[in-house]
Every structure is written in structure tokens, then in C-alpha cells.
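Every value quoted in this text rests on a predicted model; they were computed, and no experiment measured them. In listed order, ligands and their atoms are each counted from 1. Throughout, numbering of the chain's residues begins at 1 and tracks the sequence.
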Amino acid sequence: MLDQPTQLSSNGLAARFAAVVGESHVSSDAATLRLHSEDIWKRSASPAVLAVAPATTEELSRVVALAQASGLTLAARGASASYTSAHLPVRGETVSLDLSRMNQVLAIDPASMTVTVQGGCTWAALNAALKPHGLRTPFWGPMSGLVSTIGGGLSQLNAMFGAARYGTSSESVIGLAIVLANGEVLRTGAGLPGAAPFYRNYGPDLAGLFCGDGGVFGIKAEVTLRLMRIPAHEDYVSFAFKSGRDLLLAMAELSRAGIASEMCAFDPGLSEVRMKRASLAEDFGTLRRVVAKEGSLFKGIQQAAKIALAGRDIMEKDDFSLHLIAEGRSAAAVAADIAEARRIALEAKGREIENSIARLIRVTPFPPLNSILGPSGERWAPVHGIASLSAAPLVFDEVDAVFTAMQAELKAAGVFCGYLYTSLSTNALIIEPVFYWPEEHYSIHEKLMEKQHLARLPALPENPAATAAVIEARRRIIEVFARHGCGFFQIGRTYPYRESRDAASIALLEGVKALLDPQGMFNPGGLGLTGGSKG
Ligand SMILES: Cc1cc2nc3c(=O)[nH]c(=O)nc-3n(C[C@H](O)[C@H](O)[C@H](O)COP(=O)(O)OP(=O)(O)OC[C@H]3O[C@@H](n4cnc5c(N)ncnc54)[C@H](O)[C@@H]3O)c2cc1C
């Protein structure tokens, strides 16, 4: 039940939403509203007053129009697998727009090489539907893809599967159907009216306007993506480096060479966390999947045995480890790519190590989200910057200097840090410091983690001092990234987007916001835009 009487209950608005989506798809119980008012980083101080879950574009359009006519604020929610306060309610009378029922793969068209999904479809569901056709999208998902949605991923932009070759999630987009604040549906791309678009570029790139918008311009109801055949061959190689600088220099050269489909790396801190979790050898389910993926039982058992034997000890304690996956149409082409990766990495002071981790990344691309709490139940949150290949080593040195300057403070507060590094196409690297700190968990952790995993972890008490230390470190690190002109995904209400734009861009962005969402009802304050009379 609602805690206080609101406009929604007093004038029967809840019933009017129910008339559109059905009574069972409008929630006002305190537990649901609390869950919908959190992301992995933060809990809103002014929770949503209602959660409404439409199932079709038509229902979505009527819900949005009703919200606008009623002067409400709307916060679209995929899985809340993000950590930049992007969809948290910031003022009273916010309705959580729950996209979990808009989870369908609407049409797969292998002849035109397109797929159309609803905005709330997960990356895991998309890949499962495409696999029998031997197809996938070029960028094919973030590691949170078991739960995170394609609409959320396009609103935030993503890194990971396919990103080292094809770039971010928006690079796979052909067309979008966007529900605007007045309920009108805007469709982008080339194609006949009423049919799915088959090509993105037709005049100005309207789809691009809504990619990375944090959901502040409209709601992604339907998404059409480009398809490709799943490459028949893949192989894996891993290397160890003695410094973050050497690692980034190697990653930059590997990116320029355009070898990898995925490339990710960990510093010794993050590797230590991984080692504190269950060892690879203990994870029988993973080994079973290794056997299944190899196609031949003999080869599969050989690979699984290699991984089990390598266990946790495939690198030294102070190693930065890099894991690269190459894919292609022929075994010979993939072998040539791996050989070139080896040449580049060894020349850049790398040492080849067992490739178990690279292999396991592909075996379970979308694992359960158990890593959102640390090995002793600590809270977890990353922060990141997208750096140019040439600037990345210097940016890393300066970020690391923040950790050195704050070392005593972070240690006293029990904060533990590590780094994840990934690459985007042939021209960018992502540096992602990751924090673990002793602090209570939220309902979102209970929702997203496997119950038996969560049950094994201690429940920690509230610890505002530790969180304050993380907030300060995050602030200083974002400042370093911004000073170097880094880009950011997941801008939400955390990264300085507006501040980094020139006056002409700000005028355009504010103008677009005022035109598409005149009351500023979608995620007010997102991207730093004021937008609309209510913003
Ligand atoms: C364990 C873990 C691993 C992760 N791995 C990766 C990774 O490999 N790569 C990566 O890039 N990120 C990763 N992330 C970050 C995060 O999962 C992604 O940013 C993801 O895209 C969030 O999707 P979501 O559906 O949960 O969106 P939400 O968090 O629900 O929403 C994100 C934003 O998008 C808006 N939004 C959601 N749906 C729509 C829609 N249909 N229309 C308009 N706006 C919408 C929301 O209002 C909000 O502003 C990871 C997170 C976790 C917890």
C-alpha cells in the first residue's frame, strides 16, 4: 500500500493506469516500490509512488500519455542493473515504468538479416532466440545480459561481447520505435511504413539521438538490430604484465591491429577478489559447459581438465592479466589472429599464461549476477572512463595517483579497489576502477543475485563512513577522466555530460528535450539537462 495519500490514490489515477495495463500490472506495495527506487549504487530518498508495467507499444503509449496529462514524472526501468542513479525517482509523484513485460523477440528475419525486439527484452533472451538460426548481433551483450535489457543497454550504451571489433551496443541498431512524452510513436530507419526498418542511415541519424540518452528523450518500445552469422571458429589467448602501463600499451596496440572480438583485463586487486571466490575447479557447472561447447566429448574433457588443473594459480600475485578472444570464418584466419596477438603482447613485455579465463568468458557470457556483492558480502560499484588509445596510459597513472593519495583513508574505511579494462573497436579503451566496501545491501541485490549465493554471504550493517570514502574517491576519479576528455557510458546523473559540451550542443540538446518532453517528465536531471518547465 502507499505510505501517504497522493494525487495518484486521491483522484483514482492508479485505476486509470490499471484500465490500460490490467490491475495486476499496477503495483503500489511498499516492497515493489522500494525495489523500483534503487539501483546497484543508490536508494532514492523519494521512492516511486506506483509501478506500471505495459506489455505492448500501444499500452506503453497510452501509459505515457496518461502520465503526461496527469503531470507525473516517469522513470523507465529495465533491470536496474546500473549504478549511476539514472532512473531513480528524484521528486514526488514518480511512476516507475516497468518494462519487464515488454520482453519479447518480435521478429527474426534471416533473409533481411534483422531482428526486432521489445525494449525490455534481455540480451540473453535475444541470443537464445537467434542461436538456432546461427545468427547474432555484432555487439551481442554486456556481462549483465542475463537480466539487463536491450532498451537499457541502448540508453546507457554498453561494452563487452563483440565490442572489441564492432564497438558499443548502438552500433548494432538499425531502427527504433520511440514513445514520446505525448504518447506519439516515432520510428527511425529506412523501410516501408508498418514494416521493420532494414537500414539505419536514411537522412540524419535519428536513431543516434536516442542512443546513450539515458531515457530522457523517450522510451524505447521496439528495437531493430542488424544480424550477422555467428563466426564458425574462435580461439583464446591470455597474457600477464607487470604494470598497468605495460598492459594498456599492449591493449592499445592490439586494438589498433583489430584482432580481438573481446578483450578484457584485470589488475592484481581484481584478480585477488576473483581468487577469493570459489575456484574454477570447484565450479562443476562451468566445466560441464566447457565440455559441451567443444563439440567433441574428448576435446571437451581435455579442455575442462586443463582448466580444473590450472585452477586459481595461472598467474602471479602481482600480475595484470589480459584475456583476448578472436573469432572468424576459418580456423586458419583465427590462428593467424592469435599468432599476431602473441607477437604484439610478447613484444609489449607480456608473458603468455594459461587461457582458461578467456575461454570461460565465452562459455558463460551471461553469468548469474552474484558478483554484485564482494566475497565477504561487501557492496560493489565500478566507475569508468573511455580513453583514447594514446591517452589511456597517462589517464591510468593519474587515476592510480588518486588511489595512492587516498590510500590511508580508504584502508581505514575498509574499502578495497581493483581495475577492469576493456576495449572498444580500434579506437578506445575503457579503464574501470571497481570498489568493494563494507555496507548493507539493498533489495536490488536480493532481486538480482542467486538466493543460495546470497545466503552464504554475511549481511553487513549500514556504514555511511565507508560509503562516504567511496563517494569521494569516485568523485575525484571522474574528475580525472573528465579532465582528459574521456567519454562515459551510463551517464545518468553521475557523469558530467552537459558540462563537457560546447554552447551550440547544449542549445541543441535542451531544444530537443523541450520539444520531445516539454514537461521534463522522463528521468529529470538525466544527462545534466534541465529540460521542460518542471526540470
Ligand atoms: C554484474 C554486472 C555486469 C555488468 N557488465 C556490463 C558490461 O559487460 N558492459 C556494460 O556496458 N555494462 C555492464 N553493466 C552495467 C549495466 O548492466 C548496463 O548499463 C545495462 O545496460 C543496464 O541495463 P538495464 O536494463 O538494467 O537498465 P536500467 O538500469 O534499468 O536502466 C538504465 C537507464 O536506461 C533507461 N531505460 C531503461 N530501459 C529503457 C527503455 N526501454 N527506453 C528508454 N530508457 C530506458 C533507464 O531509465 C535508465 O536511465 C554491468 C552491470 C552489472 C551489475
Less than 4.0 Å from some atom of ligand 1, heavy atoms are found in residues Ile40, Ala76, Arg77, Gly78, Ala79, Ser80, Ala81, Ser82, Tyr83, Ala86, His87, Leu99, Pro142, Met143, Ser144, Ser148, Thr149, Gly151, Gly152, Gly153, Ser155, Gln156, Asn158, Ala159, Met160, Gly214, Gly215, Gly218, Ile219, Lys220, Leu369, Ser371, Ile372, Trp380, Gln490, Asn523
Selection residues 26-50 - residue pairs positive for ring pair (Phe, Tyr, Trp, His ring centres under 6.0 Å), sequence neighbours left out
Trp41-Trp437
Of all residues at least two apart in sequence or in a different chain, which pass the side-chain contact (heavy atoms from CB on, under 4.5 Å) check with Leu454?
Leu373, His441, Glu446, Met449
Do the charged groups of Arg498 and Glu510 touch, with an N to O distance under 4.0 Å?
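A salt bridge links Arg498 with Glu510.
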Closer than 4.0 angstrom, basic N to acidic O: yes or no for Glu440 and Arg379?
no
Report all side-chain donor-acceptor pairs from residues 141-159 shorter than 3.5 Å, counting only partners two or more places apart or in another chain.
from, atom 1, to, atom 2, distance (Å)
Ser144, OG, Ser148, OG, 3.0
Ser148, OG, Ser144, O, 3.3
Thr149, OG1, Gly152, N, 2.9
Ser155, OG, Gly151, O, 2.7
Ser155, OG, Lys220, NZ, 2.9
Gln156, NE2, Ser82, OG, 3.3

Cut-off 3.5 Å, side chains only: do Thr114 and Thr224 have a donor facing an acceptor?
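No - no donor-acceptor pair under 3.5 Å links their side chains.
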